[in-house]
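Report on one structure; see the data block that follows.
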Protein chains: 2
Amino acid sequence: MAAERGLAMATCTAPVNIAVIKYWGKRDTDLILPINSSLSVTLHQDQLRTTTTAAASRDFTEDRLWLNGKEADVGHPRVQACLREVRRLARKRRGAGEDAAALSLSCKVHIASENNFPTAAGLASSAAGYACLVSALARLYGLEEELSEVARRGSGSACRSMFGGFVQWQRGERPDGSDSLALQVAPETHWPELRVLVLVVSGEKKPVGSTAGMQTSVETSPLLKHRAEVVVPERLAQMMRHIQERDFEGFGQLAMRDSNQFHATCLDTFPPIFYLTDVSRHIIALAHRYNAHHGHTKVAYTFDAGPNAVVFALADAVAEFVEVLRRSFPPAANGDEFVRGLPVGSAALPQELLAAVVTEPLPGAVRYILHTKPGPGPQLVDDPSQHLLGADGLPRSRA
Amino acid sequence: MAAERGLAMATCTAPVNIAVIKYWGKRDTDLILPINSSLSVTLHQDQLRTTTTAAASRDFTEDRLWLNGKEADVGHPRVQACLREVRRLARKRRGAGEDAAALSLSCKVHIASENNFPTAAGLASSAAGYACLVSALARLYGLEEELSEVARRGSGSACRSMFGGFVQWQRGERPDGSDSLALQVAPETHWPELRVLVLVVSGEKKPVGSTAGMQTSVETSPLLKHRAEVVVPERLAQMMRHIQERDFEGFGQLAMRDSNQFHATCLDTFPPIFYLTDVSRHIIALAHRYNAHHGHTKVAYTFDAGPNAVVFALADAVAEFVEVLRRSFPPAANGDEFVRGLPVGSAALPQELLAAVVTEPLPGAVRYILHTKPGPGPQLVDDPSQHLLGADGLPRSRA
């Protein structure tokens with residue numbers, strides 16, 4: 001928290017996470033309590049991150065919010081829920097007599113947030129966004145407690161972005177949601193060989209938003225009910241074991257099965273919801289052919305509420321599989337920028353692999369591949385030059 | 001049964017059926033016993049049928065089989081199962097002293113079978129084929145009993161093609177399969193207004209055959225198990241009620257939900273099975289927009305193990321919906337033959353319907369539409385000129 005002339009300011013970054021045991025459906029839509037526990041991998045902020053600056057000043061006359069440079073509705077109920085909860089916790093702490101000199105809770109706040117990737121492209125931007133909002137506000141108010149319960153009020157999966165590495169969002173049992181929290185299963189350093197490829201197939205906004213979609217599923221899908229009650233509890237325990245043991249075969253198989261089952265419950269929803277496209281199905285079939293060729297699980301896909309694929313692999317498999325992707329989805333113009341993020345080595349593909357795996361190339365179907373790995377939770381940005389708000393409390397012009 | 005110079009011959013036709021409560025998965029792969037009951041509508045043979053001639057003669061030196069004019073393997077285990085079962089029943093009957101003068105059971109048979117539609121295009125050709133095989137053999141051997149149990153041994157869903165109208169295949173409980181039979185729920189005359197549109201989107205062979213696919217599902221899909229044990233028994237009772245009451249709203253809604261759930265269990269299979277394509281999804285979305293525009297269920301889709309859609313509607317809705325299809329999937333060259341089968345009247349589409357429903361036309365995506373309705377079960381063909389085998393016991397050259 002930087003304070004000058006009555007202006008306090010804090011900037012944080014927060015990560016995207018990708019679920020390997022999926023969250024789909026709330027038992028309480030107001031408190032955002034899920035019908036089942038879920039488990040995710042936090043992706044590294046070097047490649048995908050949200051940055052948020054929160055500022056407070058007696059001079060501000062109203063709460064204000066800017067998203068990617070444009071002013072947005074700060075009255076959005078979920079933004080308000082996060083603001084209200086952070087302020088409530090700050091008040092409680094002051095009530096206990098601590099930090100009496102700190103920022104007045106009656107000050108209005110200005111908030112600016114930016115993603116370094118396209119919003120609403122199925123890349124879990126709301127998870128990173130709310131995790132970052134809550135982290136920045138917490139810094140501003142000097143809160144040090146675990147705040148996944150607050151982030152959850154912004155977007156369910158945001159609570160998982162409050163930790164790095166491998167994170168469980170436990171369903172909880174209490175009606176007030178106080179036990180529906182994120183817990184770190186293992187830190188990002190636990191499995192150093194694990195790599196992640198994000199295959200961006202489309203920047204379009206998804207047809208059915210996940211908030212509306214999942215509630216239709218809760219109301220109409222008998223299979224989702226069974227999944228939440230019976231299948232997930234068992235799978236969650238299995239997935240924790242695979243992660244503890246760094247068992248890629250088990251981890252990858254279960255991640256693929258759980259992604260497929262999530263999309264199956266979307267199809268069992270009425271009217272049905274489709275997030276997978278023919279391109280997604282090509283990627284799925286390609287992954288299975290590739291694994292079958294090698295006789296074990298070298299790559300594992302998972303899809304959230306959009307057509308983009310996230311592929312897990314161990315570091316020593318990345319170069320070959322990226323080459324397989326390049327052959328299967330020959331890039332259009334931007335051949336140079338087809339692979340982004342962490343460096344990828346080159347690999348020559350044996351003829352028999354090509355013949356068995358690259359069966360029907362789809363030029364241009366994958367726009368680009370982002371190579372990343374598991375990463376840490378939200379970070380404080382110390383460098384004041386990185387604040388998104390200027391000394392006047394308004395967004396800095398972006399260079 | 002026509003007999004001359006020691007040659008006996010019988011010809012039957014049999015119908016295709018389309019399930020509205022789907023069959024997917026066997027509990028006994030040898031006897032073809034399903035994991036759940038199913039329910040189908042038998043389609044009219046004026047539009048879709050198999051014709052089969054079975055002949056027996058002391059002069060034949062071996063059993064032989066011709067499919068669509070080409071000799072095929074009569075040793076196929078499922079063909080053999082049907083032959084064996086029919087002969088066993090005929091032997092039992094003779095044992096009881098009846099019909100001692102009839103055809104010798106030691107005679108070899110020649111069988112010729114033809115579809116009037118493309119094989120393996122997802123149009124349930126094996127159901128019509130085995131129902132027709134068993135019907136023709138039964139006539140040849142003078143059997144009069146109900147033979148759905150025998151047809152089931154050829155192809156599970158074939159047992160439902162042994163009756164007209166609305167047919168249940170009851171799961172049964174006995175390990176020997178003797179209670180896993182088809183039963184007519186209502187005859188084809190029960191719901192005279194019901195119409196069926198088959199939207200043929202592709203003549204390609206499906207990627208995963210249903211026999212292999214369903215067993216992978218049984219082995220790997222937790223959702224299929226739940227569906228078979230819990231969801232289907234309830235839905236079957238509901239569907240019978242909707243049919244008895246000729247309640248199109250209930251019938252259509254449940255048919256769509258059950259089709260979607262079947263495809264959901266395919267997606268929950270590992271590796272996942274996809275029968276729906278982007279075109280299928282366009283048809284699904286179109287049907288929902290059309291129903292939403294009218295404020296009730298005017299059309300209901302169902303998809304089997306392939307991308308073709310079968311759409312149910314009442315007679316007074318057909319002309320308008322066919323026009324909607326024509327606008328949504330503008331036919332390529334064959335505009336004249338785009339609609340086949342029963343006549344379809346013309347309809348003008350109100351501007352607001354067009355605007356609300358025909359949102360993104362896909363030229364050429366639907367090859368043609370076949371207009372048909374519920375029809376009767378297998379039929380004996382009396383006219384000897386219609387036999388597919390000549391007096392020499394070999395296929396007649398097809399004009």
Side-chain angles (χ1 to χ4, degrees), chain A residues 207-208 216-217 220-235 238 252-292 297 300-301 303 307 359-360 365, chain B residues 207-208 216-217 220-235 238 252-292 297 300-301 303 307 359-360 365:
Chain A
V208 177
T216 311
S217 295
T220 62
S221 169
L223 299 186
L224 177 60
K225 189 170 147 62
H226 180 69
R227 163 175 165 76
E229 288 172 4
V230 178
V231 181
V232 168
E234 203 173 297
R235 285 188 171 179
Q238 279 171 12
Q253 290 268 318
L254 191 51
M256 291 189 280
R257 284 175 197 261
D258 206 66
S259 172
N260 294 337
Q261 185 168 93
F262 152 53
H263 291 281
T265 65
C266 290
L267 183 42
D268 190 47
T269 299
F270 195 78
I273 302 169
F274 297 96
Y275 292 119
L276 302 178
T277 63
D278 282 352
V279 175
S280 320
R281 281 199 296 284
H282 262 84
I283 295 168
I284 290 173
L286 177 68
H288 285 289
R289 284 198 304 273
Y290 184 73
N291 290 337
T297 302
Y301 55 79
F303 293 82
T359 53
E360 29 175 358
Chain B
V208 177
T216 310
S217 295
T220 64
S221 169
L223 299 186
L224 177 61
K225 189 170 147 59
H226 179 70
R227 163 175 165 75
E229 288 172 3
V230 178
V231 181
V232 168
E234 201 173 297
R235 286 189 171 179
Q238 279 171 11
Q253 289 267 319
L254 191 51
M256 291 189 279
R257 282 174 198 261
D258 207 67
S259 172
N260 294 337
Q261 185 167 94
F262 151 53
H263 291 281
T265 65
C266 289
L267 183 42
D268 190 47
T269 299
F270 196 77
I273 303 169
F274 297 97
Y275 292 119
L276 302 179
T277 64
D278 282 352
V279 175
S280 321
R281 280 198 297 284
H282 262 83
I283 295 168
I284 289 173
L286 176 68
H288 284 289
R289 284 198 303 272
Y290 184 72
N291 289 338
T297 302
Y301 56 80
F303 293 81
T359 52
E360 28 175 358

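Only heavy atoms go into these numbers, but all of them, side chains included; no hydrogens, no water, no symmetry mates. All chains are named by letter (A, B, ...) in the order of the sequence lines, taking the proteins before the strands, and each is independently numbered beginning at 1.
A distance-only check finds no donor-acceptor pair linking the side chain of A:Ser217 to the backbone of A:Cys266 [under 3.5 Å]. Counting only distance, with no hydrogens or angles, the side chain of A:Asp268 and the backbone of A:Leu223 share a donor-acceptor pair below 3.5 Å.
Within the 4.5 angstrom heavy-atom criterion, atoms from both the backbone and the side chain of A:Thr220 approach chain B. Contact annotation for A:Arg289: neither backbone nor side-chain heavy atoms come within less than 4.5 Å of a heavy atom of chain B. With a threshold of 4.5 angstrom between heavy atoms, A:His263 approaches chain B through its backbone and through its side chain.
Counting heavy atoms from C-beta outward, B:Pro222 and A:Arg257 have side chains that stay 4.5 Å or more apart.
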The test is side-chain contact (heavy atoms from CB on, under 4.5 Å); show your working for B:Leu254 and A:Phe270 and say whether it passes. CA-CA 10 Å; B:Leu254 191 51; A:Phe270 195 78; over 6 Å; no

Test log, rule side-chain contact (heavy atoms from CB on, under 4.5 Å), inputs A:His226 and B:Arg227: CA-CA 9 Å; A:His226 180 69; B:Arg227 163 175 165 75; over 6 Å; no

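Between chain A and the residues B:Thr269, B:Val230, B:Leu276, the most heavy-atom pairs under 4.5 angstrom are made by B:Leu276. For the set B:Thr277, B:Asn291, B:Val231, B:Thr265, the entry with the most heavy-atom pairs within less than 4.5 Å of chain A is B:Thr277.
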